[in-house]
Amino acid sequence: MNYVLENQQIVPRENVEISFLDRAYVFGDGVYEVIGVYNGVPFKMDQHLTRLQSSADQIQLPLPYDIKVLEEKLMELQAKNHLVTGFIYLQISRGAAPRTHHFPKPEVLPKLIAHVTETTRLPDDFYAYGVKTMLVEDVRWLRCNIKSLNLLPNVLAKETAIKNNCFEAILHRGETITEGSSSNVFVVKGSMLYTHPANNYILNGITRSTVIEICQKNNFEIVETAFSKEFLLNADEAFLTVTFLGIIPIRQVDEKTVGIGEITKKIQSEYYELTH
């Protein structure tokens, strides 16, 4: 994994240069994507890049070049690094300029960096047994649909979970569940599935969208609606969706045990078939 895409050039990792005045470093002024790669094939890259374009548009950040060219460059990066299973990380900042809160002059060009990480699927027991989670107040800004570099609240929530021997922090605004610190949340009650609608309070995950497609294919009724902490705690089943990791059953929320049932297992199976 020795090569990095820097703007339009694929260069050795040690040759990458990023200024200490880059606005990603100074302000977190940029957007990013993480694209899973399974058996040498990037999963739904087109959807990831469409979301990247949307995020960039919403913060008035021009992409350094056309999305189709970017897709070609990312494929070239993957091939150059011989990545079979793992993920591609891509970020674009507003570029390097003297530190002022307002945007720099138009001649300051955005900075694009992409690199790859090789990894393996977690053990089957992880997906069968599920994970422990905890509830954490959602203190993020109100534009969570933008995949921006400003992730400090997510980082703090995740660290809180880890320190409490949990896999994930499930965020809530007051009584309403939004999403995980780095995941989307689904609840099963009876034969119906529920997940928070894709509005400004959550990031519309690509895995989340894939699960909705799987549900529609299998005639599982799914409702995109806000639901409460109590509704989650009384779920028949619940699971997280995460890029590359896929569908992760929730076995516990705080001190409350949640069941791992047949609907979750079916969705896991269908997702696995799509990605392997």
Side-chain angles (χ1 to χ4, degrees), residues 51 127 129-148 150-216 218-243 245-268 271:
R51 186 173 64 182
Y127 293 97
Y129 187 52
V131 296
K132 182 180 176 183
T133 65
M134 66 179 294
L135 296 170
V136 175
E137 185 71 34
D138 191 345
V139 298
R140 301 171 299 165
W141 70 329
L142 298 178
R143 301 292 300 279
C144 299
N145 55 310
I146 300 172
K147 201 167 176 68
S148 82
N150 295 277
L151 293 174
L152 185 56
N154 304 65
V155 168
L156 293 173
K158 179 72 83 172
E159 181 63 15
T160 297
I162 296 301
K163 285 181 176 177
N164 284 276
N165 298 312
C166 293
F167 176 83
E168 178 64 300
I170 296 180
L171 305 178
H172 60 94
R173 292 184 186 268
E175 292 300 309
T176 301
I177 298 295
T178 50
E179 59 184 341
S181 69
S182 60
S183 63
N184 292 118
V185 180
F186 285 76
V187 162
V188 180
K189 290 280 283 185
S191 61
M192 297 179 64
L193 291 94
Y194 300 83
T195 192
H196 196 286
N199 56 22
N200 61 296
Y201 291 115
I202 73 163
L203 180 73
N204 185 12
I206 304 304
T207 310
R208 173 190 181 277
S209 298
T210 304
V211 166
I212 291 173
E213 292 170 5
I214 290 170
C215 289
Q216 292 167 343
N218 287 277
N219 295 317
F220 293 153
E221 188 169 356
I222 185 160
V223 182
E224 296 184 69
T225 187
F227 55 84
S228 67
K229 292 188 290 183
E230 183 179 2
F231 190 82
L232 170 63
L233 292 171
N234 288 287
D236 296 327
E237 307 173 38
F239 58 87
L240 307 170
T241 59
V242 188
T243 289
L245 294 181
I247 317 304
I248 304 169
I250 297 171
R251 75 167 188 271
Q252 187 173 333
V253 182
D254 288 344
E255 301 306 315
K256 184 69 183 297
T257 299
V258 181
I260 302 173
E262 294 306 312
I263 291 179
T264 300
K265 292 176 183 177
K266 175 64 175 175
I267 292 170
Q268 282 183 310
Y271 185 81

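This chain uses plain numbering: 1 for the first residue, then up along the sequence. Because the structure is a prediction, the values reported are computed rather than measured.
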For K147, what residues pass the salt bridge (charged side-chain N to carboxylate O under 4.0 Å, His left out) criterion, not counting sequence neighbours?
-> none

Residue pair [X] / [Y], side-chain heavy-atom distance below 4.5 Å:
{"X": "F227", "Y": "T176", "answer": "no"}
{"X": "N234", "Y": "K256", "answer": "yes"}
{"X": "R143", "Y": "N145", "answer": "yes"}
{"X": "F167", "Y": "L245", "answer": "yes"}
{"X": "E168", "Y": "K158", "answer": "yes"}
{"X": "Y194", "Y": "I222", "answer": "no"}

Using every non-hydrogen atom in the two residues, find where [X] and [Y] come nearest and quote the distance to one decimal.
{"X": "P197", "Y": "T225", "result": "CD-C, 3.4 Å"}
{"X": "V187", "Y": "L232", "result": "CG2-CD1, 3.5 Å"}
{"X": "R173", "Y": "W141", "result": "NH2-O, 2.9 Å"}
{"X": "H196", "Y": "I177", "result": "CD2-O, 3.1 Å"}
{"X": "V185", "Y": "L240", "result": "CG2-CD2, 3.9 Å"}
{"X": "L135", "Y": "H172", "result": "CB-CD2, 3.9 Å"}

Should we count CD of E221 as having more than 12 external heavy atoms under 6.0 Å?
-> no

Are a donor atom and an acceptor atom from the side chains of N154 and S182 found within less than 3.5 Å of each other?
-> no

Tell me whether [X] contacts the main-chain N or O of [Y] through its side chain, where contact means a donor paired with an acceptor under 3.5 Å.
{"X": "R208", "Y": "S183", "result": "no"}
{"X": "E179", "Y": "S181", "result": "no"}
{"X": "E137", "Y": "G174", "result": "yes"}
{"X": "R51", "Y": "L203", "result": "no"}
{"X": "N184", "Y": "T207", "result": "no"}
{"X": "N199", "Y": "Y201", "result": "yes"}

Using 4.0 Å as the upper bound for N to carboxylate O, is an ion pair formed by K265 and E237?
-> no

Roughly how far apart are I260 CD1 and D236 CG, rounded to 0.5 Å?
->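 Reported value, rounded in 0.5 Å steps: 13.0 Å.
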
Atom CD1 in I247, atom NZ in K266: separation rounded to 0.5 Å?
->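 Between I247 CD1 and K266 NZ, I get 13.5 Å after rounding to 0.5 Å.
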
Once the angle between the rings of F186 and F239 is folded into 0 to 90°, is it parallel (under 30°), tilted (30 to 60°) or perpendicular (over 60°)?
-> parallel

Given V136, I250, T178, D138, the one that forms side chain to side chain contact (heavy atoms under 4.5 Å, CB included) with I170 =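 Exactly one option meets the side chain to side chain contact (heavy atoms under 4.5 Å, CB included) with I170, and it is I250.
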
Qualifying residues under ring pair (Phe, Tyr, Trp, His ring centres under 6.0 Å), relative to F220, sequence neighbours excluded |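 Checked F220 against ring pair (Phe, Tyr, Trp, His ring centres under 6.0 Å); zero matches.
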
How would you list all residue pairs meeting salt bridge (Lys or Arg N to Asp or Glu O under 4.0 Å) that involve residues 183-206, not counting sequence neighbours?
-> none

